[in-house]
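Note sheet for the following structure.
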Amino acid sequence: MSESAVTRKTAGAPTKIYWTRKRREQLAGWLFIAPEVIGMLVIAVFPLLFSLFLSLTEWNLVGGLSAIHFVGLDNFIELFRDNRFLLALKNNVLFTIGTVPVTMLLGVVLSALIHKKLYAKTFFKVAFFVPYICSTVAIAAVWQALYHPSKGPINQILMQIGLSEPPRWLVDTSFSLVAIMIIYVWQLLGYQIIIFLAGMTNIPEELYEAATIDGASGIGQFRRITLPLLGPTTFFLAITSTISSFKIFDMIKFLTDGGPNYSSTVIVYQIYEEGFERFKMGYASAMSWVLFLIIMLVTSITWMTQNRKVHY
Amino acid sequence: MTNRKFKPGNLIFTTLFALLSVFFLMPLVWMLSAASKTEKDVWTFPIQWIPKDWNLIANFKAVWMGDVAFGLFYMNSLKIALISTIATIVISAMAGYALGKLNFKGRSLIFTLMLAFMMIPEQATLVPRYIMIKELGLYDSHASLILMGMFSSYFTFLLRQFMIGIHNDMLEAAELDGAGFFRIFWSVVLPLSRPILATVGIIKFIWTWNDYQGPLIMLNSTKLYTIPLGMQFFKEEFGTQISVMMMASVAAILPLLILFLALQKQVIDGIAIGGVKG
């Protein structure tokens, strides 16, 4: 119909029009998409390929572009002999195992209660979401004080309840990563609750009504209706939370610089240290590619399991 | 909707949750209380939730009128966050309109690529982006951060999802009135997309305001620092003065908190849309 609009308007013009509606729409489409596509090529695609190239070289930034030496897979081979990197990799895996299931479990239970059992839902949504919008660096500063080994409120309370030697948290090699995991769970929980609540709102109320008539208990309804129908939401959160746990950096940089004795180092922190403190651009790029491959792997594994297990 | 009827059980749950959320927000309450105390009262135990000696003004002065140019960091953050937010909205809205409402060759290919771009983690491309910025002569400038923060496949995706739902009748009516594609975008699509544009704007603003990694890598001069980077600087200068540090944390958080509380529906809905559909 819009086709005819153009024809009608241009009826008096010469018969051969180059700028037909179709052609104009083609051009408009490309013009509108161009800035975003150019931007994506410049800040995502090119850097990713450039980093693949750099990962095969040895390059100390100070020497300028002419100082790039091609070394093949040496960087990757070195990575898997580098104890600090292996520790970072291990810490990342521990971090994911220690944070993702906990936030998801807490998230689903708390949001089910908020959804079904509470008055003033909006208030609780907002209350739990506040830490998520706060600057990570600012809340890291708060937790650093809370974690103070002798004077901090957390250890004061622990000593009060009879723990004579509470953990030294951020300065303790066996607790530094756990301390950061606690802050991370605290900050992320509100996000999980919001997403789960959105998923629960999409579950038809009639299902619960029918179940109530059949005499199913609240917990029974949660197990048989809420959980199964949250499949897509759970799947989405499992992927995105795992990926973001592999990108953790801000808290680590601000609170521990990966220490003490590399006990809280992670991949992105190692990329930062090798690239921006030691200026080993090739080596840092090799690490970046390992990170990228891990994230691709997580995404594809979750996709494959999703196709089998999740029913819409 | 489900809780219209009064149920005693729900009241008990609500009370329990109220206690739980107080406990949950304790770190932030502690921050507020420490920011208004003298340094020696910060550590007293049991915790003095309401300060005996108020030191709010002195701490405020130490943050805002001390040797560290906190006011300058504030202006820097505001400038970068505002410009990147506006640029992101414009670029992503244009792309969202093209992907959602215009037919052109290669559209579905570009859309697929777009989804793939979302999987490239920013952290994996830090090194090459830093090198590019250096080669362009933009290292240690706000332009570097703005340039890196302007493009977002995530927001483009959100805007496309919204715009695809705008009825074609409206666009066709505008076309019958003689509007071109730019005119339709400007006078029909953008006004109709106001709620999602607001959501994208707030979320982008919050993320940029809180960004730490970008400024850490791209900036060197103290006078260009943003607030999160300034906090690090503060920690190095005044690491032992917790009350001042907490006052700085309050200053970093407060504007976002106010913005969020005023517009919480947009923020929460936006996060939820992205989460459920994305």
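Since the structure is predicted, the reported quantities are computational estimates derived from the model, not experimental observations. To find a chain, count down the sequence lines: A is the first, B the second, and so on, and within it residues start at 1.
- Comparing A:F249, A:F53, A:F128 by heavy-atom pairs within less than 4.5 Å of chain B, the highest count is held by A:F128.
- Interface remark: A:I43 contributes backbone and side-chain atoms alike to the contact with chain B (heavy atom separation under 4.5 Å).
- Looking at B:I110, only its side chain comes within 4.5 Å of chain A, counting heavy atoms on both sides.
- Both the backbone and the side chain of B:S153 have a heavy atom closer than 4.5 Å to some heavy atom of chain A.
- Neither the backbone nor the side chain of B:T44 has a heavy atom closer than 4.5 Å to any heavy atom of chain A.
- Of the two parts of A:V268, only the side chain, counted from C-beta on, holds a non-hydrogen atom closer than 4.5 Å to a non-hydrogen atom of chain B.
- Heavy-atom distances place both the backbone and the side chain of A:V42 under 4.5 Å from chain B.
- Using a 4.5 Å cut-off between heavy atoms, A:L110 contacts chain B through both its backbone and its side chain.
- Rounding to the nearest 0.5 Å places CG of A:N75 at 9.5 Å from CG of A:L54.
- Seen from the ring of B:F185, B:K101 does not count as a face-on cation partner, given the 6.0 Å and 45° thresholds.
- With a 4.5 angstrom heavy-atom cutoff, A:L255 touches chain B only via backbone atoms.
- Contact annotation for B:M246: only side-chain heavy atoms (C-beta onward) come within less than 4.5 Å of a heavy atom of chain A.
- Between A:K247 and B:E122, none of the side-chain N atoms (NZ, or NE/NH1/NH2) sits under 4.0 Å from a carboxylate O, so this pair counts as no salt bridge.
- Across A:I157, A:I38, A:D250, A:L291, the residue that shares the most heavy-atom pairs under 4.5 angstrom with chain B is A:D250.
- Only the side chain of B:F117 comes within contact range of chain A, with at least one heavy atom under 4.5 Å from a heavy atom of that chain.
- Proximity to chain A involves both the backbone and the side chain of B:I120, based on heavy atoms less than 4.5 angstrom apart.
- For A:F123, the part lying near chain B is the side chain, with the backbone staying farther off; criterion is any non-hydrogen pair under 4.5 Å.
- For A:V126, the parts lying under 4.5 angstrom from a heavy atom of chain B are both the backbone and the side chain.
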Side-chain donor-acceptor pairs of residues 253-263 of chain B under 3.5 Å, sequence neighbours excluded:
none

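- Side-chain contact annotation: B:W209 with A:S135, donor-acceptor N/O pair under 3.5 Å absent.
- Salt bridge B:R160/A:E36: absent, no basic N to carboxylate O contact under 4.0 Å.
- Heavy atoms closer than 4.5 Å to chain A are found in both the backbone and the side chain of B:I268.
- Contact annotation for B:K265: neither backbone nor side-chain heavy atoms come within less than 4.5 Å of a heavy atom of chain A.
- For a residue to count as touching a neighbouring chain, one of its non-hydrogen atoms must lie under 4.5 Å from one of that chain's; by this rule A:L189 touches chain B with the side chain only.
- Contact count versus chain B (heavy atoms, under 4.5 Å) is highest, among A:G190, A:P153, A:A44, for A:P153.
- For A:F196, no part sits under 4.5 Å from any heavy atom of chain B, backbone or side chain.
- Using modelled atom types and a 3.5 Å distance limit, the side chains of A:D257 and A:Y269 yield a donor-acceptor pair.
- Looking at B:T156 and B:S92, their side chains do bring a donor and an acceptor atom within 3.5 Å of each other.
- Put simply, of A:A284, A:A120, A:A127, A:G275, the one with the most heavy-atom pairs under 4.5 Å next to chain B is A:A127.
- Both the backbone and the side chain of B:F182 have a heavy atom closer than 4.5 Å to some heavy atom of chain A.
- Both the backbone and the side chain of A:L48 come within contact range of chain B, with heavy atoms under 4.5 Å apart.
- Remark: A:I33 CD1 to B:M94 CE distance equals 9.0 Å, nearest 0.5 Å.
- For A:W143 and A:F254, the gap between ring centers reaches or exceeds 6.0 Å.
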Compile the donor-acceptor pairs under 3.5 Å between side chains in residues 14-34 of chain B and protein atoms, sequence neighbours left out, one pair per line.
unit_1: B:T14; atom_1: OG1; unit_2: A:Y119; atom_2: N; d: 3.1
unit_1: B:T14; atom_1: OG1; unit_2: B:N10; atom_2: O; d: 2.6
unit_1: B:T15; atom_1: OG1; unit_2: B:L11; atom_2: O; d: 2.6
unit_1: B:S21; atom_1: OG; unit_2: B:F17; atom_2: O; d: 3.0
unit_1: B:S21; atom_1: OG; unit_2: B:A18; atom_2: O; d: 3.0
unit_1: B:S33; atom_1: OG; unit_2: B:K37; atom_2: NZ; d: 3.2

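- For A:I295, the part lying under 4.5 angstrom from a heavy atom of chain B is the side chain only.
- For B:Q232, the parts lying near chain A are the backbone and the side chain together; criterion is any non-hydrogen pair under 4.5 Å.
- Contact of A:T240 with chain B is not made at all, since no heavy-atom distance falls under 4.5 Å.
- Between A:F50 and A:F46, the angle of the ring planes stays under 30°, which puts this pair in the parallel group of the 30/60° scheme.
- For chain A, the nearby part of B:M132 is the side chain; its heavy atoms alone come within less than 4.5 Å.
- Contact of A:T299 with chain B is made through the side chain alone, with heavy-atom distances under 4.5 Å.
- Chain B forms the most heavy-atom pairs under 4.5 Å with one residue out of A:A141, A:S285, A:G152, A:A138, and that residue is A:A138.
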